[in-house]
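Since this is a predicted model, take the numbers as computed values, not measurements. Per chain, numbering begins at 1; letters A, B, ... match sequence-line order.
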There are 2 protein chains.
Amino acid sequence: MTTKKRILQAAKQEFIFNGFEAARMRSIADRAEVNKGLLHYYFKTKETLVTQIFSETFVELFTDLKRVFTSSKDIFQKIEEGVAVYIDFIMKNQEMPLFIISEMSRDPKQHLKRMKHSGMTPPFKELAKSIAQSQQLGLIRKDLAPKQFVLNMISLILFPVLAKPMVQFTHDLSEKEFKVMLEDRKKDVAQFLIHAIKA
Amino acid sequence: MTTKKRILQAAKQEFIFNGFEAARMRSIADRAEVNKGLLHYYFKTKETLVTQIFSETFVELFTDLKRVFTSSKDIFQKIEEGVAVYIDFIMKNQEMPLFIISEMSRDPKQHLKRMKHSGMTPPFKELAKSIAQSQQLGLIRKDLAPKQFVLNMISLILFPVLAKPMVQFTHDLSEKEFKVMLEDRKKDVAQFLIHAIKA
DNA sequence: GTCTATAATTTGATAGAC
DNA sequence: GTCTATCAAATTATAGAC
């Protein structure tokens, strides 16, 4: 692996575990086992590092989700697959959602710049459209705004990892048991959602 | 208002908008319009300030929720009232949930100390118990773990404020419209939950 | 490309006058 | 109780040798 890649990977770990402000360039260099000066040689500033990390993340997740939501399958399959793909992603990147949300909140304008840099947008409009069509077909109850459903779906997917320490504590779950719970939620959340919206 | 109270209020604002690490003692002093030295005179350290703020928050929220979940009303009323009470709280303290969750994640052990200092615990076990009883009565479908329901309920309540900038951006909502949406979610979330669990 | 050394700021916290 | 002045430590970033 190249030095640049090693730095990027080390930075990702440092950022997601500590947040942007608490992340230390010194720690990143230590993790990557390179000299502190090299970080600036490759990436100039702390901000450049974080922008790069966000880009890679957005491209990876949104590409997969877009494929699911624009497929020709029926809405209930889209929900099941979408939930599974999303939860698969967060199982591999458990600390990333909190990092993104923290950064978004800390500096919304900067976050928009980072989104633009990645060239990707979340494919939620595609899902909302699919919900609306299924309402017309009578598959889903009509007293529910598609946008509301999308927000609820994302809430159920993301919150448990955002609040992971609280969930682990209140449910008394080991690291392994927490992962099992996330795995189970692929089916559980999909079924919960489908129960909530079926006509 | 006493100087101590003014400092506490200023610290709360600074912390919830910037997070613990990014919060500056200097900024807190400026917000409170007092000298920087006074912060240490009253609270000794940054950590003392944050512990005090958490305590007040936990006491306020959990007291109200416990009253709802241990009342004698039926489960569907408990859900409706619990959602309303919780959303009322976060409407008045929109940035608090992200601050708490960020801190919890940044330093779980320290967070437990802060919880203990407040003397309060979240009354979620009481709600789960109430769900289990209603399952026995045949009011709620039995293929759903009470703990899972509680987690889903909290997810739907908290996520929209945690991801507020993203929600505002993707739904194109002004500050006022976002508040209206939260207000609407008191009914919407309760109905969504009830649809999802009714036998 | 990689390192050492260090500059330039900024931070939380303290000491001491009033 | 409130202020000024300042310390000691830590942080990002740069300069320059190799």
Self-check item: Of the listed nucleotides D:dT2, C:dC3, C:dA13, the one nearest the side chain of B:Tyr42
Solution: D:dT2

Exercise. Report which part of the nucleic acid B:Ala23 touches: base, sugar-phosphate, or nothing (heavy-atom distance under 4.0 Å, all strands).
Key: sugar-phosphate

Exercise. Take atom CZ of B:Phe20 and atom C1' of C:dG12, then tell me their distance rounded to the nearest Å.
Key: 10 Å

Quiz item: Given atom NZ of A:Lys4 and atom P of C:dG1, what is their separation to the nearest angstrom?
Solution: 9 Å

Quiz item: What nucleotide, of D:dA13, C:dG12, D:dT2, holds the atom closest to the side chain of B:Lys46?
Solution: C:dG12

Quiz item: Mapping B:Lys36 and B:Glu33 to their closest nucleotides on DNA chain D, which lands nearer the 5' end?
Solution: B:Glu33

Quiz item: Atom CG of A:Asn35 and atom C1' of D:dT14: how far apart are they, to the nearest Å?
Solution: 13 Å

Quiz item: Just how far, in rounded Å, is P of C:dT10 from CD of A:Glu21?
Solution: 13 Å

Practice problem: Cation-pi check, A:Lys198 to A:Phe76: give yes when NZ or CZ is under 6.0 Å from the six-membered ring centre and within 45° of the ring axis, no otherwise. | Solution: yes

Quiz prompt | Closest listed nucleotide, where the reference is the side chain of B:Leu38 and the choices are D:dA13, C:dG1, D:dG1 | solution = D:dG1

Practice problem: Write down the distance between CG (A:Asp30) and P (D:dT12), rounded to a whole number of angstrom. | Solution: 12 Å

Self-check item: Integer-rounded Å distance: D:dT2 C1' and B:Leu39 CG
Solution: 12 Å

Exercise. Could you work out which one of D:dT2, C:dT14, D:dA13 sits closest to the side chain of B:Lys44?
Key: C:dT14

Quiz prompt | Whole angstrom value for the distance that separates P of D:dT2 from NE2 of B:His40 | solution = 15 Å

Quiz prompt | Lys NZ or Arg CZ of A:Lys129 over A:Phe69 ring: under 6.0 Å, within 45° | solution = no

Quiz item: Relative to each other, are the rings of B:Phe124 and B:Tyr86 parallel, tilted or perpendicular (30° and 60° limits)?
Solution: parallel

Exercise. Report yes if at least one side-chain N or O of B:Thr3 is closer than 4.0 Å to OP1 or OP2 of D:dT2; otherwise report no.
Key: yes

Exercise. Measure the distance from CZ on A:Arg26 to P on C:dT10 and round it to the nearest whole Å.
Key: 22 Å

Quiz item: Of the candidate nucleotides D:dG1, D:dC3, C:dT4, which contains the atom at the shortest distance from the side chain of B:Tyr41?
Solution: D:dG1

Self-check item: Cation-pi check, A:Lys4 onto A:Phe43 ring (under 6.0 Å, within 45° of axis)
Solution: yes

Quiz item: Is it true that the side chains of A:Thr48 and A:Thr45 contain a donor and an acceptor less than 3.5 Å apart?
Solution: yes

